[in-house]
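Quick note: residue numbers are just sequence positions, from 1. In listed order, ligands and their atoms are each counted from 1. Side-chain atoms are counted along with the backbone in the values below, which use heavy atoms only and exclude waters and symmetry mates. All of these numbers come straight from a predicted model, not from anything done at the bench.
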Amino acid sequence: MKKRKNIITVAIDSPAAAGAGTQAKMISKAYNLIYLDTGKIYRYVGNLKLIYGTNFNYQLVKKKINKINIKDLNNKKLLADKIALSASIIAKDNKIRNLVKKFQLNIAYNPPIKFAGSVLDGRDITSVIMKDAMFKFFITADLKTRAKRRYLEYKKLKNKISFKEVLKNLEKRDYLDKNRKNSPLRRTKDSILINTSKLSKKASFYKIKAIMDKKIRN
Ligand code: C5P
């Protein structure tokens, strides 16, 4: 695959609801980078699984993924908790992971020319998809803080789900994501740790920005 030269590449991994998406969006705006929330691709496939049930198969995913574009991933429906859980289940399958890999690589290394680079977040971005990214971050927060944040987001969206259930589902997903055989969530040695438990969105971003500016200016 051809790679665009002299672009800024930012790879972020994080457990669910740690604030990675918020930070990635802030980074994309500040540095004019295209942003891909890779979890949305797995959610899209997880949703196909819920829709097609026993008729869900590899060929179907292949066909759908070939036609997908970044705008299809903005569907608010994909934010539902049951789709997130379904995503964590299909995400264990290496054949599916390989199908969605090309789409991610293309956005990461060949962003449209109007962008100065790319920022991707997910579970295997620093370890598999963008091993050679210019910046690598591992964003995390403790489970209770993450559950509280996610619960409030759901409340805003008028999603009827209890705090207890949000917490339980996050725990389940953490377990699935960290313990699977293929591309498990882990912090690579070269990723900078950002713990957002006690930091505001702005404070977290300033931390990241200071690190990025230092390297970009040199
Ligand atoms: O980030 P988000 O919570 O939307 O991701 C949904 C699920 O998709 C994750 O729990 C994980 O199982 C899967 N995923 C993944 N690899 C990525 C991004 C997401 O396996 N790069």
Determine, for Lys3 against Asp132, whether the closest basic-nitrogen to carboxylate-oxygen distance falls under 4.0 angstrom. yes
Is Arg150 touching ligand 1 with its side chain, its backbone, both, or neither, if touching means heavy atoms under 4.0 Å apart? neither
May I ask you to check if ligand 1 and Asp37 share an N or O to N or O distance below 3.5 Å? no
For ligand 1, is there an N or O atom under 3.5 Å from any N or O atom of Ser88? yes
What is the nearest protein non-hydrogen atom to atom 4 (O) of ligand 1, stated with its residue, atom name and distance? Arg43 NE, 2.5 Å
A student checking ligand 1 against Ala91 at a 4.0 Å heavy-atom cut-off should list atoms 12 (O), 13 (C), 20 (O)
Answer whether the closest heavy-atom distance between the side chains of Val10 and Leu120 falls below 4.5 Å. no
Going by distance only, is there an N or O of Arg173 that falls short of 3.5 Å from an N or O of ligand 1? yes
Looking only at heavy atoms, which two atoms of Arg149 and Ala141 are closest? And how far apart? NH1-CB, 4.0 Å
Minimal heavy-atom distance between Asp174 and Pro15, with the atoms involved, is OD1-CB, 3.8 Å
Minimum side-chain heavy-atom gap Ile34-Ile70 below 4.5 Å: yes
Out of Ile96, Thr38, Asp93, whose heavy atom sits nearest atom 18 (C) of ligand 1? Thr38
Closest to atom 14 (N) of ligand 1 among protein heavy atoms sits Tyr42 CD1, 3.5 Å
Does Lys92 come within less than 4.0 Å of ligand 1, judged by its heavy atoms? no
Is any side-chain heavy atom of Pro184 less than 4.5 Å from a side-chain heavy atom of Lys178? no
Cation-pi check, Lys25 to Tyr35: give yes when NZ or CZ is under 6.0 Å from the six-membered ring centre and within 45° of the ring axis, no otherwise. no
Nearest neighbour in protein (non-hydrogen) for atom 12 (O) of ligand 1: Asp177 OD1, 2.6 Å
Any chain of hydrophobic side-chain contacts (each under 4.5 Å) joining Tyr175 to Leu143? no
Option whose closest heavy atom lies nearest to atom 2 (P) of ligand 1, chosen from Lys40, Arg123, Lys172: Arg123
Please list the nearest protein heavy atom to atom 16 (N) of ligand 1 with its residue and the distance rounded to 0.1 Å. Arg97 NH2, 2.9 Å
Minimum-distance pair of heavy atoms, taken over all atoms of Ser88 and Leu176: CB-CD1, 3.7 Å
Would Gln104 count as a contact residue for ligand 1, given that I'm defining contact as a non-hydrogen atom of the residue lying under 4.0 Å from a ligand atom? no
